[in-house]
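Convention: sequence-line order gives letters A, B, ...; per-chain numbering from 1.
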Amino acid sequence: MTKEEAIGKLEEIATLLDLRGENPFKSRAYRTAARALDSLSEDFESFVRAGKLDQVKGIGEGIRVKLEELVLTGRSAYLEGLKGSFPAGVVALLDIPGLGPKKAKILWEKLGIRDLAELEAACQSHRVGKLPGFGPKTEENILAGIEQRRSYAAYHRYGDLIGLAEQLVERLRAHPDVVRVSLGGSFRRGKEIVRDLDLVCSSSKPLSVMEAFISSAGVQRVVNHGQTKATVLLEGGLACDLRVVPDWDYPCALLHFTGSKEHNIALRQRAIAQGKKLSEWGLFREPRVRSSDGSKDSAAEEEASGEPIRCRDEAEIYEELGLAYIPPELRENLGEIEAAESNRIPRLVEWTDLRGTFHCHTTASDGHSTLEAMAEAAQALGLEYLGIADHSKSSFQANGLDEERVGRQQAEIRKLNGTFQGFRLFSGTECDILRDGRLDFSDPLLASFDYVVASVHAGFSSSEEEMTRRILRAMESPYVTMLGHPTGRLLLMRKPYPVDLEKIIDCAAETGTWIELNAQPMRLDLDWRWWHAARDKGVRCVINPDAHHARELAFLRIGVNIARKGWLRREDVVNTLSLNLVERALRTKRGGGG
DNA sequence: GCCGTTTTCGGCCCGACTGTTTTCAGTCG
């Protein structure tokens, strides 16, 4: 049993205890224990087998015994007993916003509701609103929550699919009959939300590749498959399409299946204007006029297509159309074709351009890695600096730091900085923007940090005017270096709070406040759609992982993808600056030179 | 269920918001 699996089991126990209405501190103990395991750096299984669990703070006699059973036998009688006391679907009720363990328990006990479908029916027949503690508004909210869940179910977050997507490509690449293979679709374009995965590969033996694909591990169901095309459902219901083409068709197939549709349409129109024809089957010169019934039979189409123009890769197709190469992230028909025409495609920022980052948490607030572990991980990634920005005191739920603990952390950072060579920790804070736009710390305390990330964590229900005023006021502060996750959205979970982003962007440009591109896969906030315009107004972007664990520094890569999608260049991203230059940049807004 | 100690049991993170209720419980961050 891996550590991650054990953590999952502990959390499952905690949830089930909540549902049973047990002492809330008991379930909290299981969650605390799960967090304690998460921070463990040693090899989990040997650690448990060596009987070292009792050294871990947060794991006492009771949980230790259950963990040992889990590791030695792979199961837990206690957990199975808990599971047996509820239908499996009851746990899913907790996914509906506004439904916690107490209400879910009432629904199950009083109305016998066992899953979301039954809950929906009960709300529609107004049986829920009659329960004590429930009312018409709750019924409405539950129905809206179920609807939202349904509409999200078909989508997946980019960040959640990276591992799986890369694995699929590697597996195909290793196949002896595969010549070239790539991901396509919206995933290749770096969209934050994707519906399915598209794979394109070239081979002279498509059947053998197809067979390998549909029988590979992780495929739950084969929806359909022929000689060149297959659709399968992977675990979690994610659909994955594979196209296999002869190698000379590969560039056009990849271009076609990468999209976007709008980009493809624009490219085709351009081809037609040049007396050419572009389709998934290839690029052709002097196409014959299409038959009047507009039929799309592929063989007939190829025959009618005219003389093929051989292109070795996508770049040659663009070249043939008189365009500079357009990176997949930009293929949304949002000006990239015009830019490619006049050779104005920017050199987009790359992961290796990053020299450091800000906005990371440690065990001092709600992070799971220590200051030392974070610094170590940053150096292992080759970064020159790392900014620590734990929560401020108003974020009780996140164990925010008060003035005294801030002082201690700053001292700790100074001490650690004395031990580094060519690396520096910056002392920052993720300071709450309070309801009236004031900051959670006094100016003198804010001045003691190297930088300040200002973020909204509460009062999401303010009107757009209030929220905008609140954030603008915070940005006016000379101590606020950057605005954290500007819209507070959680992809597929929570809508952004209402805020006038144009005003925020203008204010950022005027005050010299950086805007964060929060690279947490759930956030990816500010959205890529705003960055091109923000950049043109002179706003600087800072890509931050919002890491709560040392391994989450890797989120930076996802952030860079989104920055690329937002047309950002190296010079638009502050944390591509070297340590020396970034030190000056951090002082600029405070009037300290730079 | 864990921790720390007043070493045998009490405290465990807190405040705002929503929708219910008519003074507050449940949920959320």
5' precedence on DNA chain B between E139(A) and G459(A) (nearest-nucleotide basis):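 Residue closer to the 5' terminus by nearest nucleotide: G459(A).
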With DNA chain B as reference, determine whether K102(A) or L17(A) sits nearer its 5' end, using the nearest nucleotide of each.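 Per heavy-atom nearest nucleotide, the more 5' residue is L17(A).
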Complement of dT8(B), any strand, by Watson-Crick or G-U distances under 3.5 angstrom: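 Per the H-bond distance test, none.
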d([atom1], [X]; [atom2], [N]) in whole Å:
X: H391(A); N: dC13(B); atom1: NE2; atom2: C1'; answer: 14 Å
X: N399(A); N: dG29(B); atom1: CG; atom2: C1'; answer: 14 Å
X: F460(A); N: dG15(B); atom1: CZ; atom2: P; answer: 19 Å
X: H457(A); N: dC17(B); atom1: NE2; atom2: C1'; answer: 18 Å
X: L94(A); N: dC28(B); atom1: CG; atom2: C1'; answer: 13 Å
X: I106(A); N: dG19(B); atom1: CD1; atom2: P; answer: 17 Å
X: R31(A); N: dC13(B); atom1: CZ; atom2: P; answer: 14 Å

Could you tell me how far [M] sits from [N] if I compare only their [atom1] atoms? Round to whole Å.
N: dG26(B); M: dT21(B); atom1: P; value: 13 Å
N: dC17(B); M: dC13(B); atom1: P; value: 22 Å
N: dA25(B); M: dT20(B); atom1: C1'; value: 8 Å
N: dT22(B); M: dC28(B); atom1: C1'; value: 24 Å
N: dC12(B); M: dT6(B); atom1: P; value: 15 Å
N: dC14(B); M: dC9(B); atom1: C1'; value: 24 Å
N: dT5(B); M: dG10(B); atom1: C1'; value: 10 Å
N: dG1(B); M: dT8(B); atom1: C1'; value: 15 Å

Just checking, any donor-acceptor pair under 3.5 angstrom between side chains of [X] and [Y]?
X: N518(A); Y: E516(A); answer: yes
X: H485(A); Y: E430(A); answer: yes
X: D546(A); Y: H361(A); answer: yes

Candidate nucleotides [options], ranked by approach to the side chain of [X] - the nearest:
X: P101(A); options: dT20(B), dT27(B), dT18(B); result: dT27(B)
X: Y78(A); options: dC17(B), dT20(B), dG1(B); result: dG1(B)
X: I63(A); options: dT27(B), dG29(B), dC2(B); result: dC2(B)
X: Q397(A); options: dC3(B), dC2(B), dG29(B); result: dG29(B)
X: R435(A); options: dT20(B), dA16(B), dG1(B); result: dA16(B)

Report yes if a side-chain nitrogen or oxygen of [X] is closer than 4.0 Å to either non-bridging phosphate oxygen (OP1 or OP2) of [N]; otherwise report no.
X: T138(A); N: dT20(B); value: yes
X: T32(A); N: dG1(B); value: no
X: K393(A); N: dC14(B); value: no
X: N141(A); N: dG19(B); value: yes
X: R494(A); N: dC28(B); value: no
X: K26(A); N: dC12(B); value: no
X: Y497(A); N: dG29(B); value: no

For E12(A), is the CD atom crowded, meaning more than 12 foreign heavy atoms sit under 6.0 Å from it?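 Yes, CD of E12(A) has more than 12 neighbouring heavy atoms, counting only those of other groups under 6.0 Å.
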Within a radius of less than 6.0 Å around NZ of K537(A), do more than 12 heavy atoms belonging to other residues, nucleotides or ligands occur?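 Yes.
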Side-chain donor/acceptor contact of N23(A) with base of dG1(B) under 3.5 Å: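 Yes, a donor-acceptor pair under 3.5 Å.
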Would you call F396(A) stacked on dC14(B), i.e. ring centres under 5.5 Å apart with the planes less than 30° off parallel?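 Ring-base stacking flag not set for F396(A) and dC14(B).
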Just verifying a value: how many Å separate M493(A) CE and R149(A) CZ, rounded to the nearest 0.5 Å?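 Reported value, rounded in 0.5 Å steps: 10.5 Å.
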Salt-bridge present (E404(A), R408(A); N to O < 4.0 Å):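 Yes, this pair counts.
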